[in-house]
Amino acid sequence: MPELPEVETVVRTLRPFVEGQSLQDIKVYWPRIVQGPLKRTWQGQTVKVLKRRAKFIVMQLDSGFLTTHLRMTGQLIPVDALPRRQMPHVHAAFVLTNGAILFQDVRKFGRIRFLGPADYALWESKLGCEPLEESFTADWLYESTRKRRRQLKPALLDQGFIAGLGNIYVDEALFVARLQPTRLAADLSRQDCSRLHGAIQKVLRKATAANGSSFMDFKFLGGQEGGYTDEMLVFRRTGLPCPRCKRPIERIVLGGRSTHFCRSCQI
DNA sequence: CAGAGCACCTGTGGGC
DNA sequence: TGCCCACAGGTGCTCT
């Protein structure tokens with residue numbers, strides 16, 4: 001479900017609820033939601049910072065980090081207190097001093113994990129460049145694509161390359177950059193990379209400002225929907241006219257993912 | 001190394 | 001109405 005703009009929206013709206021609170025308990029109702037050992041060291045620690053890294057929501061504690069990935073259908077819902085009755089699809093809950101955060105996830109793909117400081121550093125180093133930070137430049141993109149002999153779409157979905165892009169925003173950014181998703185990353189010119197760099201940042205910034213997009217069931221604060229859904233240019237618009245040339249948007253499958261693009265505008 | 005296929009899960013919508 | 005299939009914003013595995 002959520003890509004960078006959606007995860008960023010979740011983090012921003014949850015931050016005032018979470019930061020400064022102490023983590024009293026973690027309730028786990030479906031054990032497979034936990035990755036690795038959930039040692040008790042987190043108990044009683046203060047949440048110093050809530051931040052996003054790639055598509056992960058990271059609670060920085062006094063010593064260690066609690067990471068959450070929403071995958072396709074996960075949601076974090078703040079509540080005043082743990083519900084008395086088990087709610088549908090709620091598989092875990094973070095109990096804080098002032099309430100709780102429920103982890104609801106229809107498809108059960110989401111995961112939580114506790115990482116000690118050393119483990120966190122290693123884990124963090126394997127994630128790719130943050131596309132809205134200063135280190136992500138057109139030059140960096142050009143140099144980094146030189147050695148990637150793979151198609152643009154799967155290359156941009158690789159979280160160890162650029163962190164936070166997903167199916168929606170890759171399709172949208174490639175359309176804005178006028179690049180075909182099947183192009184080899186290594187074949188891009190400097191000018192191509194400059195357009196792609198600008199397109200990625202433009203699309204992510206606009207989507208984040210609109211609180212992301214809600215196609216199926218992305219919601220934040222337990223019910224609000226993202227405002228970017230109606231801004232989509234090609235994503236899930238198969239057969240509809242291209243916003244630039246009016247020829248029908250095509251849908252193909254690349255890397256196992258639905259891919260939407262305009263064959264005449266994107267070269 | 002790149003790409004295809006499948007696995008993990010549940011729900012929804014379309015076609016017959 | 002009911003059944004079957006395709007598909008869904010992600011990631012990680014095996015096999016070729």
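Worth knowing before you read on, the calculation uses all heavy atoms, side chains too, and leaves out hydrogens, waters and symmetry mates.
Rounded to an integer number of Å, the gap from CD of A/Gln75 to P of B/dT10 is 17 Å. Separating the CD atom of A/Gln151 from the P atom of B/dG3 is a distance of 5 Å, rounded to the nearest angstrom. Atom CZ of A/Arg107 and atom P of B/dT10 are 10 Å apart (whole Å). Rounded to whole Å, the distance from CZ on A/Arg71 to C1' on B/dC9 is 12 Å. Rounded to whole angstrom, the span from the CZ atom of A/Phe215 across to the P atom of B/dT12 amounts to 18 Å. Rounded to a whole Å, the NZ atom of A/Lys108 is 18 Å from the P atom of B/dA7. Regarding A/Asp187, its CG atom lies at a distance of 13 Å from the P atom of B/dA2, rounded to whole Å. Rounded to whole angstrom, the span from the CD atom of A/Gln104 across to the P atom of B/dG11 amounts to 11 Å.
Remark on DNA chain C: of its neighbouring residues A/Arg236 and A/Gly255, the 5'-side contact belongs to A/Arg236, judged by nearest-heavy-atom nucleotide.
Using a cut-off of 4.0 Å between Lys/Arg side-chain N and Asp/Glu carboxylate O, A/Asp171 and A/Lys153 are scored as salt-bridged.
With a 3.5 Å ceiling on both atom-pair distances, B/dC9 lacks any Watson-Crick or G-U wobble partner.
Proximity of a side-chain donor or acceptor of A/Glu225 to a complementary backbone N or O of A/Phe218 within less than 3.5 Å is not detected. A/Gln266 places no side-chain N or O within donor-acceptor distance of the main-chain N or O of A/Arg178, the cut-off being under 3.5 Å.
Listed nucleotides B/dG11, C/dG10, C/dA8 differ in distance to A/Val106; the shortest reach to its side chain belongs to B/dG11. The side chain of A/Glu3 approaches C/dG10 more closely than any other nucleotide in the set B/dC8, C/dG10, C/dA8. Listed nucleotides: B/dG11, C/dA8, C/dT11. Nearest to the side chain of A/Ser258: C/dA8. Closest approach to the A/Arg251 side chain among C/dA8, C/dG10, B/dC9 is made by C/dA8 (side chain taken as heavy atoms from C-beta onward). The A/His69 side chain lies nearest to C/dT11 when the options are C/dA8, B/dT10, C/dT11. Taking only side-chain atoms of A/Pro154, from C-beta outward, the nucleotide of B/dG3, B/dG11, C/dA8 with the closest atom is B/dG3.
For the pair A/Lys55 and C/dT11, the criterion of a side-chain N or O lying under 4.0 Å from OP1 or OP2 is met. Remark: A/His89 is in phosphate contact with B/dG11, judged by side-chain N or O atoms under 4.0 Å from OP1 or OP2. Not one side-chain nitrogen or oxygen of A/Gln159 sits closer than 4.0 Å to the OP1 or OP2 atom of C/dG10.
Distance noted for atom P between B/dT10 and C/dT1: 26 Å (whole Å). Comparing B/dC6 with C/dA6, their P atoms are spaced 12 Å from each other, to the whole Å.
The residue A/Phe235 sits close only to the backbone: its heavy atoms come under 4.0 Å of sugar-phosphate atoms, none of a base. Nucleic acid contact class of A/Arg257 (heavy atoms, under 4.0 Å, all strands): base.
Taking the six-membered ring for Trp, A/Phe235 and A/His260 have ring centres closer than 6.0 Å. The aromatic ring centroids of A/Trp123 and A/Phe56 lie less than 6.0 Å from each other.
Centre separation under 5.5 Å together with a plane angle under 30° holds for the ring of A/Phe109 and the six-membered base ring of B/dC8, marking them as stacked.
Between A/Glu172 and A/Glu231, the shortest heavy-atom distance links the atoms OE1-O, 4.3 Å.
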